[in-house]
Structures are given as structure tokens and as C-alpha cells.
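Chain letters run A, B, ... following the sequence lines, proteins first, then strands; residues in each count from 1. If you're wondering where the values come from, they're calculated on a predicted model, not measured in any experiment.
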Amino acid sequence: MLRNQEQILSKIANNDGHGENSAFFDGWKAYDSDPYHPTQNPNGVIQMGLAENQLSMDLVEEWVRNNPQASICTPEGASRFKDIAIYQDYHGLPEFRIAVARFMEKVRGNRVRFDPDRIVMSGGATGTQETLAFCLADPGDALLVPTPYYPGNDRDLTWRTGIELIPVVCDSSNDFKMTRDALETAYNKAQETNTKVKGLLLNNPSNPLGTVLDRETLSMAINFINDKNIHLICDEIYSATVFDEPGFISIAEILQESPDTNPELIHIVYSLSKDLGFPGFRVGILYSYNDAVVTCARKMSSFGLVSTQTQLLVASMLSDEEFMEKFLAESTARLCARRGTLRQGLAQMGVGILKGSAGLYCWMDLRRLLKAATFEAEMELWRVIVNDVRINVSPGASFHCSEPGWFRVCFANMDDETMRVALGRISKLVMQSNKNSESRKPCRRRSKLEISLSFRRLDEIMMSPHSPMTSPLVRART
Amino acid sequence: MEFKSRNQGQLLSKIATNDGHGENSPYFDGWKAYDSDPYHPTENPHGVIQMGLAENQLCFDLIQEWIKNNPKASICTAEGAADFKDIAIYQDYHGLPQFRNAVARFMEKVRGNRVRFDPDRIVMSGGATGAQETLAFCLVDRGEALLVPTPYYPGNDRDLTWRTGVKLVPVVCESSDAFQITRAALEAAYKQAQDSNIRVKGLLLNNPSNPLGTVIDRQTLQESLDFTADKNIHLICDEIYSATVSGQPGFTSIAEVVQENPHCNLDLVHIVYSLSKDLGFPGFRVGVVYSYNDAVVSCARKMSSFGLVSTQTQRLIAGMLSDEEFVDGFLAESRRRLGKRRADMCEGLGQVGIWNLEGNAGLFCWMDLRRLLKAATYEAELELWRLIVNEVKLNVSPGAAFHCSEPGWFRVCFANMDDETMEVAMERIRKFVARKQRRRMELEVSLSFRRRRDELVMMSPHSPMASPLVRART
């Protein structure tokens with residue numbers, strides 16, 4: 001029966017392109033089978049592997065209560081139920097497209113305009129990415145993607161499309177910035193294997209780095225793709241999670257400043273899952289400056305349109321400009337504060353994170369906790385974190401990071417108390433690791449000063465869990 | 001701008017530059033005619049009446065009533081807003097358990113509780129559009145084929161082949177058999193594929209059928225199951241019109257036939273479902289893949305990430321479909337109204353000698369206009385269709401769009417308008433037929449004696465008499 005099963009299903013169904021067989025998913029399983037709860041399961045696994053924005057839902061709930069006309073199920077909105085339920089035009093409700101375009105402009109400080117007629121729906125950013133791959137590349141063609149990158153890219157861009165991803169390797173020596181050299185290297189590598197590169201995918205702000213791309217890098221990228229006459233896809237789904245300087249610069253702004261760039265090569269991926277915290281609503285957006293892509297993607301959107309019930313709700317909410325301004329300000333302030341708490345807590349243990357101003361996560365540096373600078377050691381450390389420390393974080397290998405020892409830690413999907421518990425657990429891990437290191441040859445440690453300092457810091461934390469103090473001496477880069 | 005002329009064809013993929021989306025067919029001209037000049041009883045009484053859209057708009061009053069009485073089904077009402085956060089962040093591709101349970105229960109009810117459905121086999125998709133594509137991706141490789149009986153829903157071409165690279169091989173059904181699927185036709189299609197070195201991976205049935213408006217009988221379902229078992233290929237049953245069946249013959253689901261065949265290979269059987277037609281909610285994009293094959297359930301579920309149902313909508317549907325009393329009442333009333341609307345339309349058409357394929361399902365009739373064709377050709381069919389769209393101002397769908405093997409058949413939808421609009425449409429048809437008859441009499445000089453006698457009958461459009469000589473089966 002098993003052999004027949006393989007024969008009767010497609011290659012796509014039989015292969016691993018969905019990406020879920022990676023060891024990385026064990027963390028999820030550990031969480032699912034034993035989820036943390038402050039009272040019911042205080043020893044359960046704390047979920048820090050899910051990039052969700054849950055910090056400002058109270059604002060949204062209040063808005064919803066005060067705006068019953070946004071729903072087709074309230075007395076105020078029910079008269080529209082029929083028209084909304086039967087509306088299946090893949091252009092989408094005009095008010096939806098206008099509201100989304102306006103919101104995207106607002107997030108970019110009104111420095112650019114977006115044309116509502118170029119707003120195309122999709123099944124979340126997941127659907128947008130796949131749709132763009134189908135529109136721009138043939139099976140066997142490739143997209144360049146800087147590492148480390150979101151693991152879902154493999155499934156979204158390659159599983160059913162048959163295209164390849166070629167990594168543009170970025171490393172910690174320059175804070176994982178993307179260089180022209182790295183791009184050229186990746187491009188040449190493809191050429192050597194006779195693989196046709198059709199585009200470059202950028203994620204700005206970056207998942208998992210939590211950083212924004214600077215103007216120089218964006219300009220460099222746009223020059224690169226223009227030279228090679230390949231597409232530039234910019235996934236900007238974390239655009240409204242930028243809470244600090246440096247601020248967010250959208251590819252739309254760079255394009256505006258680059259009249260020699262062919263706009264038909266430029267496409268933006270967007271979604272409301274991260275900026276607003278609505279992953280369940282599946283609001284994916286594809287914005288392209290290429291008319292043929294807009295037309296084609298719109299036809300493909302039939303495979304993943306946004307429920308008109310949700311289109312109406314989103315249209316109402318996003319067009320309430322006063323609310324959206326208040327929301328954006330408050331949301332980013334809360335993200336900033338929460339990240340600060342995590343950063344300080346980690347710094348006190350001598351754990352550094354990559355300096356960043358965006359995202360729902362930190363890129364944590366645990367290289368010095370590795371037994372060896374290998375991915376096996378990273379996996380071993382990760383299993384300790386999941387199974388012993390009882391926190392689900394995401395190991396760098398799952399993001400195709402070129403160096404072992406980096407972990408993505410999400411901070412916006414829990415309350416303050418849970419964050420405190422998580423920090424306490426991490427500090428125990430670090431302390432234990434320091435003890436283990438001490439028992440090994442001392443020459444491996446960088447300095448005795450660091451040992452005594454980090455111990456003292458840990459003692460402070462253990463004795464006073466509410467202490468916000470951080471010492472400038474052990475502060476890693478933030 | 002100089003960039004625009006630069007090798008767009010090279011810039012984009014083959015998929016983006018081919019016609020696989022299906023929208024370049026002349027069939028879409030009817031849509032454009034409607035979009036640019038839509039009928040409105042007061043604002044545009046001479047506009048085009050849309051009879052090319054298979055929508056179920058007859059029971060929204062019942063839905064509206066339920067919505068009003070059940071505020072908790074929404075996350076936006078005072079009663080439901082406390083759940084807003086949990087619903088908004090829920091992105092598990094298994095879907096809300098209450099959603100899956102309610103959909104499974106609803107599907108059972110539609111089948112008179114003659115079968116059970118396992119909620120854990122309910123997988124979401126972006127409408128039936130997404131469900132079909134997902135199954136094609138799971139079951140068929142590029143270059144391989146699915147057999148599809150004609151006439152069939154034009155969207156199949158896009159859904160099953162555009163991005164998948166799969167081929168469709170028609171199983172030709174003819175009016176001489178009332179378009180029923182025969183074993184001979186199945187075998188012929190299979191052989192045709194083999195002769196072209198194309199590997200067939202499955203058979204797609206649409207039951208009830210779009211565009212025929214008929215249910216597939218038990219014997220044909222059994223034969224199809226036997227056929228696919230023999231060939232070790234999949235059987236995909238699109239049952240999206242399952243709750244639009246009124247009167248007899250009733251609806252038999254493949255799930256019932258499977259139940260009666262305990263030794264059949266369940267790994268080959270899959271159902272496509274959606275709430276777009278039975279409930280009238282195409283905007284909500286509630287598609288379902290139901291498979292008896294565990295590996296397909298698992299794979300399709302992973303693929304559902306590309307087209308999950310909004311949790312806001314999952315919650316609403318879960319609330320509505322788990323109200324068993326409401327569902328029972330809705331199904332009964334919806335069937336009754338559909339049955340009456342269909343009967344009214346068929347009677348109205350019959351009065352002018354236009355007959356439909358006998359059927360009691362779907363949101364449309366399969367209308368026989370063969371005798372109005374200038375010649376038994378598709379060119380003549382297209383010419384007649386342009387006349388209907390541009391002069392009679394009705395958007396109906398020509399048989400060629402459904403890959404029908406014989407010209408002259410048209411699909412006419414009846415459930416997407418109110419009674420008054422239906423009457424206007426009928427009047428336009430009556431006038432058109434009368435005009436055409438007069439013109440024909442003026443132009444044709446020598447006719448067979450039999451035909452001239454028929455036309456004399458037809459001169460009186462209000463005559464309830466129909467000549468047995470020109471009546472097709474209804």
C-alpha cells in the first residue's frame with residue numbers, strides 16, 4: 001500500500017518541499033504537547049518561536065466595539081450582509097484596496113503614494129510570495145535570497161513552483177549586512193550551474209535579524225537588479241514594527257528617487273499579519289509596478305482571495321485615520337519597551353543581540369555557549385533550550401544562517417509576566433553553561449574578568465527579578 | 001516609457017504569459033457586456049440581465065434573520081468581541097475545531113445523514129477554486145492528465161491546469177444519452193490519453209453537474225468508482241451543488257457509494273466542497289478538500305496555507321452551521337425556492353418552445369437552442385450568443401465555453417435575481433423567439449413540410465401547446 005501510495009500521489013506530495021520535516025519543528029511539537037500556562041502548567045514550554053504581534057490587541061478590540069458598522073453581523077452593518085457575501089470580484093472591494101493603500105502610505109510617513117488599483121489580494125504573505133514566484137519564474141529558475149532568511153520562503157517560493165533559492169551569504173562580521181560582493185558571488189554561482197536567476201528577494205525589515213535595510217543597501221540592490229535585468233521582490237510585512245532609529249525606508253521610496261530604474265522589475269509583498277496582529281484573517285497583499293504582473297497576479301488571486309467579510313472589517317478600520325495613527329504610535333512604543341526589557345535582561349547575563357530597530361523578535365548571539373562552532377553543537381544547545389530550559393526559540397540553522405550559534409527569540413506574543421519567567425529560565429541556562437565552561441580548560445574563556453562579572457550579574461538577577469539595571473561593562477551589542 | 005517595450009515576455013514566467021487563466025475566451029465578452037451595461041429595474045431597465053452567474057441569492061432573508069438573532073457568531077458584536085483577539089491570532093492550518101465539526105455535520109445533513117464525515121479530514125482551501133488546484137498538485141504531476149466529462153465548468157481549465165501543468169482529457173457526453181457518462185466514453189478518453197503517451201491520474205466528476213443541472217445516478221457513480229479502481233486512478237467528486245437538489249431524483253454522494261463498496265480503495269477517493277453555491281457565500285471563500293487518503297489530507301493541509309479561510313469567517317460559519325434547527329429549515333426552504341424558480345423558468349421557456357435538459361439540481365438550466373442556430377456549428381452558436389447578449393440583452397453562457405461536443409446548448413442561471421427580473425428576462429426571451437420565428441419564415445422559402453407545421457404552432461407565443469415533434473427531453 002505504501003509503494004502504491006507513492007505512485008498514486010504526485011512528486012510534490014511525496015517530496016519534502018513543504019519544509020516541515022526539519023528538526024526545527026520539534027520545538028513546535030514540544031510546545032504543542034506541553035504549552036506553558038502561568039497557573040495550569042507553569043513548567044510548560046514557553047513559546048518564543050512564533051513571530052506574532054499580540055501587544056496591542058486591546059486597542060483593536062476597543063475600536064471594534066465602537067465601530068459596529070465595520071461588521072456585517074451587527075444591527076448597524078447587517079443590511080450589507082448579502083452584498084458582501086455574494087461579492088466575489090477578484091479586484092476586491094474598492095474601499096478595501098483604497099484603505100490598504102492609504103495605510104501603507106501612512107506607515108511610510110506619507111513619503112510615497114500607492115495606487116489602489118495595484119493592490120492585489122492573496123492568501124496571506126504566504127500566498128503573495130508563491131504567486132510572485134509563479135508570475136516571474138519558470139521551474140528550474142532561481143531567486144537570490146540573503147541569509148539568514150525566514151524558513152517559510154522555501155515552501156512559499158519553491159514547493160509547488162519548482163524554482164530554486166540561491167543564498168546570498170551574509171555574516172556577523174559586518175552585522176549581516178548584504179554586500180554587492182555577496183550578491184555577485186551568488187549570481188555567478190548560479191551562472192556556473194546554468195541556472196537562470198530571475199530575481200532577488202529582500203525582506204525589509206528583516207526576519208530574523210530585526211533590522212531595517214539602510215538606504216545604501218537598498219540603492220545598491222536596485223542597481224544590481226537593474227544591471228542584471230532581474231526582478232526585485234521586497235517583503236515589507238514588518239514595516240510597521242519599526243520602533244526606533246534607524247527608521248524604515250521602503251523600496252517604494254528608493255524607486256521614487258531612481259528614475260533610471262525599470263519599475264517593471266519592482267514588486268512588494270505585504271500582509272496585515274505582523275503589523276496589525278491579524279494572522280488569522282489571511283490578508284495578503286501583492287503590490288507590483290508591473291502592469292502585466294498586476295493583471296496576472298489578480299487572476300491568480302482566485303486561489304486565495306480575502307474573505308469579503310474580512311475585507312470590509314479591514315477597510316473600515318484602516319480608513320479610520322485617527323485610530324490608525326494612534327495605533328501605530330502605541331504599537332511601536334510597546335514593541336520598543338518589550339524589546340528593551342528582553343535586551344536588558346539578556347545583556348545582564350552577558351548575552352548579546354544584534355542591534356536592530358524592528359520586528360517582533362531579536363537575533364540572539366549564543367555562540368559562546370556552543371561546545372564547538374558547529375551546527376551540530378547549535379542543534380545540541382537548541383535541544384537543551386527546548387527540553388531543559390523549556391523555551392521554544394528558533395535555531396539559526398533553520399534560517400539558513402552561515403554561522404552556528406545564533407537564535408531568533410520572539411518577544412511580542414506574550415505578556416510581561418511570561419517574559420520575566422522566560423528571562424529567568426534563560427539566565428539559568430547561561431549560568432549553567434558558564435559553570436560547564438569553567439570545568440573545561442580555562443583558556444577557552446575569553447577573560448576571567450568576564451566570568452566574575454557575568455556571575456555577579458546573574459546573582460543580581462536571581463536575587464532581584466525585578467531589577468532593571470544593566471551594566472555597561474558586559475553589554476553586548478544591542 | 002522605454003522600459004515598457006522591453007522584453008516583457010522574457011521578464012515574466014511562461015505561466016504568466018500563456019492563456020491558461022482562460023480569460024481570453026470570447027465567453028468573457030458577455031461579462032464585459034454586463035459590466036458595462038448592467039440591468040437595473042429603474043435606473044437601467046434596458047441593461048443586460050446577468051444570467052451567466054451561478055449564484056444562489058434566493059434565501060438571504062433566512063440568513064439575515066439568523067445573523068440578527070445570533071450576535072455571538074461574530075467577533076465584532078458586543079456579545080462576541082471578547083473573542084476577537086483569540087480569533088484574529090489563530091493561524092493553525094487545521095482550522096478552528098468548531099468550524100470543522102460544523103462543516104462535517106452540515107455535509108452529513110445535506111446527505112440526509114446517510115453517511116458520516118470525519119472532521120479531521122476537513123481541510124480548508126481558497127474556495128472550491130483552491131480545492132481543485134490543491135488536489136491537482138497533490139495527485140498529478142506536470143504533463144499528466146485528469147479525465148473530465150463534458151460539458152464541464154470552464155473554471156476547471158484554470159483551476160486544474162494553469163499553474164499545475166496538468167492536462168484535461170475530455171470524456172465526451174452527448175445529448176443522445178441526455179449527456180450521461182458512459183463506460184464507453186470513459187474508456188475512449190482513457191485510451192485516447194494512452195495513445196498520446198499521456199498518463200491519466202484521475203477522473204473528475206461534478207455532481208450535481210454544472211452546467212447540466214442534473215444529478216449523477218447511483219449506477220453511473222458505481223461505474224465510475226469501478227472504472228477508477230480498475231485503472232488504479234483517483235476519483236475526485238466536486239459536490240459543491242449538493243444542497244441545490246430539489247425533488248427527485250435525489251442526490252447521491254460518492255460518500256454513500258463508497259460506503260456500499262467496503263472493498264474499494266479509499267485512498268483514491270476525494271471530495272471537493274464549498275459554501276459558495278449551497279449557502280450563497282462566494283465572497284467568504286470557504287473551500288473544503290475532503291479526502292479518504294491520509295497522505296492527501298496531510299499534504300493538502302500543508303498546502304492550505306496558501307488559501308486558508310479567514311478565522312473571522314470560520315467562526316461565523318461554525319456558529320451558523322452548528323445550529324441544526326436553522327440548517328434543517330434553511331435546506332428545506334432553499335430547495336423549495338430553487339425548485340419553484342426553476343419550474344417557473346422552464347415553464348416560461350416552454351411556452352415559446354424552448355426546452356431544457358431535464359434536471360432538478362444546480363442554479364441553472366441547460367437550454368436547448370439548437371433549432372435557432374443557422375447551422376449546426378460553433379460559429380453559428382457564437383453568432384446566436386452574440387445576438388442574445390447584444391440584442392436580447394441577456395448574458396447566458398454558450399455551450400462551447402463548457403467544451404460541449406454539440407453546438408446549440410446554453411446555460412441559463414436563475415437563482416441570482418428576484419422574481420420581477422426573472423419575468424423581464426422571460427419576456428425578452430419570448431419576444432426574441434417570436435422575432436426569430438418571423439424572420440425565419442420570411443427568409444426560408446423551402447422547408448420540409450413538418451417544420452413549417454411546427455412553426456405555425458410557434459407563431460402564437462402564448463400557446464401552451466408544444467408540438468411533440470420539436471420538444472427535446474426536459
Side-chain angles (χ1 to χ4, degrees), chain A residues 1 4-5 8-13 18 20 52 54 57 60-61 64-65 68 70-71 73-75 78 81-82 84-88 123-124 126-127 130 134-138 155 160 231 262-265 277-282 292-293 296 299-300 302-310 313, chain B residues 3-4 6 8 11-16 21 23 55 57 60 63-64 67-68 71 73-78 81 84-85 87-91 126-127 129-130 133 137-141 163 232 234 267-268 280-285 295-296 299 302-303 305-313 316:
Chain A
M1 184 67 90
N4 190 43
Q5 187 79 293
I8 61 174
L9 301 188
S10 66
K11 294 189 180 78
I12 286 174
H18 50 73
E20 290 189 27
E52 270 180 4
Q54 293 188 29
M57 297 303 285
V60 173
E61 190 183 317
V64 164
R65 285 182 190 278
S71 164
C73 296
T74 55
F81 189 97
K82 174 181 168 179
I84 294 296
I86 63 176
Y87 187 89
Q88 55 180 328
T126 301
E130 189 191 50
F134 272 126
C135 288
L136 307 178
D138 291 324
R155 171 199 59 193
R160 307 191 306 180
H231 294 278
N262 180 3
E264 289 181 337
L265 298 173
F278 295 163
F281 292 170
R282 313 316 301 151
V293 173
C296 184
K299 292 179 171 70
M300 290 185 178
S302 295
F303 297 109
L305 293 168
V306 178
S307 168
T308 44
Q309 177 186 24
T310 300
L313 172 64
Chain B
F3 293 123
K4 282 213 190 306
R6 233 211 283 188
Q8 187 80 285
L11 269 189
L12 304 186
S13 66
K14 294 189 179 78
I15 287 174
H21 50 73
E23 290 188 27
E55 271 179 4
Q57 295 188 26
F60 271 99
I63 302 284
Q64 208 95 10
I67 295 286
K68 196 172 88 173
S74 164
I75 49 172
C76 297
T77 54
F84 189 95
K85 175 183 171 177
I87 294 294
I89 64 176
Y90 187 89
Q91 54 179 329
T129 300
E133 189 191 50
F137 271 126
C138 287
L139 307 177
V140 195
D141 288 330
R163 307 191 306 180
N232 196 30
H234 294 279
D267 281 341
L268 297 175
F281 294 164
F284 293 170
R285 314 314 301 152
V296 173
C299 184
K302 292 177 172 70
M303 290 186 179
S305 295
F306 297 109
L308 293 168
V309 177
S310 167
T311 45
Q312 178 188 20
T313 299
L316 172 65

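To the nearest 0.5 angstrom, A:His18 atom NE2 is 5.0 Å from B:Lys302 atom NZ. Summarising the geometry, atom CD1 belonging to A:Ile12 is positioned 7.5 Å from atom CZ belonging to A:Arg160; distances are rounded to the nearest 0.5 Å. Going from atom CZ of A:Phe134 over to atom CG of B:Leu12 covers 15.0 Å, rounded to the nearest 0.5 Å.
In terms of heavy-atom pairs under 4.5 Å with chain A, the best-connected choice from B:Gly126, B:Ala16, B:Ala88, B:Gly130 is B:Ala88. When each of B:Leu308, B:Leu139, B:Thr77, B:Val296 is scored by its heavy-atom pairs under 4.5 Å with chain A, the top score falls to B:Leu139. With chain A as the partner, the residue from B:Cys299, B:Pro282, B:Ser305, B:Gly280 showing the most heavy-atom pairs under 4.5 Å is B:Pro282. Most heavy-atom pairs under 4.5 Å with chain A, from the set B:Ile87, B:Ile63, B:Leu316: that is B:Leu316. When A:Ser71, A:Pro75, A:Cys296, A:Cys73 are compared by the number of non-hydrogen pairs under 4.5 Å with chain B, A:Cys73 comes out ahead. Here A:Ile86 is the residue among A:Ile86, A:Leu313, A:Leu265, A:Val60 with the most heavy-atom pairs under 4.5 Å with chain B. Options B:Glu133, B:Arg285, B:Arg163 differ in how many heavy-atom pairs under 4.5 Å they form with chain A, and the most are formed by B:Arg163. The most heavy-atom pairs under 4.5 Å with chain A, out of B:Thr129, B:Ile75, B:Asp141, B:Ile15, come from B:Asp141.
A 4.5 Å side-chain heavy-atom check between A:Phe303 and A:Glu130 finds every atom pair outside the cut-off.
A:His231 contributes a side-chain N or O that, together with a main-chain N or O of B:Leu11, makes up a donor-acceptor pair within less than 3.5 Å.
With a 4.5 angstrom heavy-atom cutoff, A:Ala137 touches chain B only via backbone atoms. Looking at B:Glu23, only its side chain comes within 4.5 Å of chain A, counting heavy atoms on both sides. Of the atoms belonging to A:Glu20, it is side-chain heavy atoms, and not backbone ones, that fall under 4.5 Å from chain B. Neither the backbone nor the side chain of B:Lys68 comes within contact range of chain A; no heavy atom of the residue lies under 4.5 Å from a heavy atom of that chain. Only the backbone of A:Val306 has a heavy atom closer than 4.5 Å to any heavy atom of chain B. Heavy-atom distances place the side chain of A:Glu52, and not its backbone, under 4.5 Å from chain B. Only the backbone of A:Tyr87 has a heavy atom closer than 4.5 Å to any heavy atom of chain B.
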Discussion item. A:Ser307 vs B:Ser310, test: side chain to side chain donor-acceptor pair (under 3.5 Å). Steps then yes/no.
Written reply: CA-CA 6 Å; A:Ser307 168; B:Ser310 167; 5.1 Å; no

Worksheet entry | Derivation and outcome, side chain to side chain contact (heavy atoms under 4.5 Å, CB included), residues A:Thr126 and A:Arg282 | CA-CA 9 Å; A:Thr126 301; A:Arg282 313 316 301 151; 4.1 Å; yes

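Using bins of under 30°, 30° to 60° and over 60° for the plane-to-plane angle, the ring pair A:Phe81/B:Phe281 lands in the perpendicular bin.
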